[in-house]
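For reference, the structure is listed below as structure tokens.
Throughout, a chain's letter reflects where its sequence line sits, starting with A, and its residues are numbered from 1.
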Number of protein chains: 2
Amino acid sequence: MPRSRVTLKDVAAASGVSATTASFVLNRVTGQTIPPATQERVRRAAAELGYVPHGSARALREGSSRLVLLNVGELPVAGSLRSFIAGLDAELAAHEHTLLVRHGRTGDATLRRAVETADPRAVIDLVKVYAADDPDRLDGGWIDGLATHTATQIDYLAGRGHTRIGFAMPSDDRLARIARLRLQQARTVARTRGLPAPAEFTLDDFVAAAGTITAVATFDGHAQARVVPPVAVPDGHAAVTAVAAFDDDTALRLLSAMADRGLHAPDDLAVIGFDDTGHGGFWRPALTTVRIDAEGYGRRAARAVLGLPTDAAPPAPSTVIVRSTA
Amino acid sequence: MPRSRVTLKDVAAASGVSATTASFVLNRVTGQTIPPATQERVRRAAAELGYVPHGSARALREGSSRLVLLNVGELPVAGSLRSFIAGLDAELAAHEHTLLVRHGRTGDATLRRAVETADPRAVIDLVKVYAADDPDRLDGGWIDGLATHTATQIDYLAGRGHTRIGFAMPSDDRLARIARLRLQQARTVARTRGLPAPAEFTLDDFVAAAGTITAVATFDGHAQARVVPPVAVPDGHAAVTAVAAFDDDTALRLLSAMADRGLHAPDDLAVIGFDDTGHGGFWRPALTTVRIDAEGYGRRAARAVLGLPTDAAPPAPSTVIVRSTA
DNA sequence: GTGCTGCACTAAATCGAATTAGTGACGCGG
DNA sequence: CCGCGTCACTAATTCGATTTAGTGCAGCAC
């Protein structure tokens with residue numbers, strides 16, 4: 001029985017009022033005096049007929065749909081992004097909005113097309129947020145929060161007595177911008193704590209800054225690690241004793257390379273991940289990492305895009321999940 | 001300079017024709033005779049003014065928007081789902097449509113709300129596809145293809161001389177329905193090949209069907225594995241020599257539990273994953289797994305929802321990525 | 001009884017594109 | 001020169017909800 005769509009007019013007819021009145025009632029428009037009895041009639045009719053407002057018609061009239069678009073590009077939906085999405089979605093739903101996500105290598109053009117056809121109320125472009133500083137950010141303070149989470153990570157290592165720390169960068173170019181930001185933050189934290197600046201290294205070329213690490217490996221970019229012989233620590237340099245990784249994935253790759261060389265965490269080298277994905281817990285040794293209240297940031301982002309005050313209910317501070325590698 | 005939206009009327013005015021004509025030109029409506037010169041004028045005006053059709057208005061008129069909604073629920077966007085999305089998106093884009101994804105624990109109600117506000121041309125609900133047989137499936141044959149991919153997995157093990165095979169089920173209830181389907185398929189394949197039926201086990205209770213495995217572990221549901229003492233193989237039963245896992249994640253958990261017990265793959269027990277996520281390649285030993293041409297299925301799904309013929313260009317057959325565990 | 005206020009509503013316009021049903025001008029056959 | 005068809009367009013309607021600008025009536029003050 002695919003009877004055609006129930007419109008506002010149908011509801012109005014069924015309850016013996018005009019569409020205008022029906023609209024006023026169903027949208028709880030203020031400044032209108034409509035007796036409770038009439039309101040009740042309208043609402044009952046709407047419920048009985050199973051009326052649902054037509055999204056496109058409403059969007060046309062209101063100027064934009066009640067959708068919010070989140071562009072995640074090729075970021076994996078795991079760990080904190082998953083929670084971020086959950087928080088965002090929940091808070092938006094609480095305000096009659098819906099979250100929809102765009103995935104994939106998004107040329108600017110495809111995102112624009114998506115925006116044109118969905119006509120969303122707002123767009124949160126994480127790819128852009130990650131790729132550059134974006135003055136009017138809608139990420140709920142996600143990027144800003146990163147500094148304190150990085151501090152959580154470095155402080156844990158420092159608290160364990162490590163002073164010569166390495167910072168492992170991801171090999172994925174798309175993450176380069178934010179990785180550099182994280183590295184700066186790590187250095188700032190170290191300076192504040194009176195520690196030497198963390199040594200930067202990428203896993204593609206494990207030799208890192210001035211040979212400050214004792215293990216060397218190169219990666220073929222995808223999955224397999226190729227191991228090359230160890231490098232002597234040059235005179236005047238001390239070996240790194242702990243590594244803070246850009247994220248869990250980077251940490252896991254490092255662990256994998258270490259295992260290939262017979263190195264063991266945390267004894268040979270302590271490793272701490274960042275932004276728990278759950279995967280790290282299955283590794284042996286299990287990865288110590290930092291957990292972030294991404295859901296809180298998601299909720300803040302939602303409030304930001306809807307123009308609501310974001311001061312209330314700040315995200316919880318990040319914490320260290322202590323497992324075995326550091 | 002937030003000059004207001006450029007509408008079709010603006011384009012019409014700028015090129016000295018009516019909105020009707022402009023619409024005909026821009027939509028390449030057949031059965032209309034419009035001289036190339038006029039067409040050129042309209043198109044040029046559209047380009048110069050930067051006209052973009054208003055998605056909501058078009059949706060209102062056409063009956064639905066040019067969006068396609070994919071509900072992935074809490075499935076991780078990794079491995080084949082990522083490729084599925086890529087293929088779906090590309091094929092839809094080629095036909096002027098846009099893919100948008102819904103994430104998260106989706107009560108039916110929230111999905112419905114999303115559908116109401118986005119008013120999409122079609123909805124592909126993977127959660128539903130995974131949870132039950134769905135007569136008019138729009139998944140591009142994904143579920144159907146599973147049988148042949150399962151065969152790829154089992155056949156590889158058989159080809160290596162294994163006859164007593166276990167099938168490791170995921171501990172996640174949300175995957176139970178599809179896991180059972182996979183198990184049935186594995187058994188069918190085994191029967192066809194003259195092998196004993198694969199033993200089912202879940203990682204939550206590793207003891208499995210009638211003690212057919214030599215290692216025992218229980219999991220706390222999230223990340224950590226708790227190890228309990230080994231169980232003797234009961235009389236009249238032979239130990240499993242190889243395990244086909246429901247997916248890479250399940251395989252990795254198994255590997256993790258084995259490492260805790262000092263068991264080594266493939267010697268103590270061969271393990272093959274399913275649906276390469278890339279992660280498996282970083283493990284030591286690196287996980288052997290099955291790769292699926294999910295992108296092809298995504299493209300087929302796109303054609304299915306758009307009502308295009310899906311016969312052409314079937315997805316490529318699945319292949320085994322041989323690494324170290326089997 | 002006139003003027004005014006407040007109540008309980010409604011007609012009509014609006015958002016922007018697509019589409020149906022034409023219209024006027026011109027050419028051509030008869 | 002009449003009739004017909006084709007060409008090159010266009011006016012007007014439609015999709016469904018929201019919103020502005022009212023309308024008609026009752027009740028009250030003066």
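Looking at residues two or more places apart in sequence or on another chain, you find a salt bridge (Lys or Arg N to Asp or Glu O under 4.0 Å) between B/Arg44 and B/Glu40. Every residue two or more places apart in sequence or in another chain was checked for a side chain to side chain donor-acceptor pair (under 3.5 Å) with A/Glu116, and none qualifies. Under the side chain to side chain donor-acceptor pair (under 3.5 Å) criterion, A/Arg41 pairs with no residue, sequence neighbours left out. Evaluation of the side chain to side chain donor-acceptor pair (under 3.5 Å) rule for A/Arg43 yields A/Gln39 as partners, not counting sequence neighbours. Under the side chain to side chain contact (heavy atoms under 4.5 Å, CB included) criterion, B/Ala22 pairs with B/Leu8, B/Ala12, B/Val17, B/Val42, sequence neighbours left out. By the side chain to side chain donor-acceptor pair (under 3.5 Å) test, A/Thr148 pairs with no residue at all, sequence neighbours left out.
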Response to the item:
A correct 5'-to-3' footprint of nucleotides 12-20 of chain D, with B, S and - meaning base, sugar-phosphate only and no protein heavy atom under 4.0 Å, is B-BBBBBBB
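The span of DNA chain C lying next to chain A, judged by atoms under 4.0 Å from heavy atoms, is bounded 5' to 3' by C/dC7 to C/dG16.
Annotation: salt bridge (Lys or Arg N to Asp or Glu O under 4.0 Å) contacts involving residues 71-90 of chain B, sequence neighbours excluded, comprise A/Arg102-B/Asp89, B/Glu74-B/Arg105, B/Glu74-B/Arg174. The ring-ring contact (aromatic ring centres under 6.0 Å, His included) analysis of residues 87-116 of chain A, with sequence neighbours excluded, yields the pairs A/His103-B/His103. Residue pairs satisfying the ring-ring contact (aromatic ring centres under 6.0 Å, His included) criterion with at least one member in residues 40-90 of chain B, sequence neighbours excluded, are listed as follows: B/Phe84-B/Trp142.
Taking the charged nitrogens against the carboxylate oxygens, A/Glu96 and B/Arg113 do have a contact shorter than 4.0 Å, which makes a salt bridge.
Note that the two end axes of the helix from C/dG1-D/dC30 to C/dG30-D/dC1 enclose an angle of 70°, each drawn from 5 base pairs, rounded to 10 degrees.
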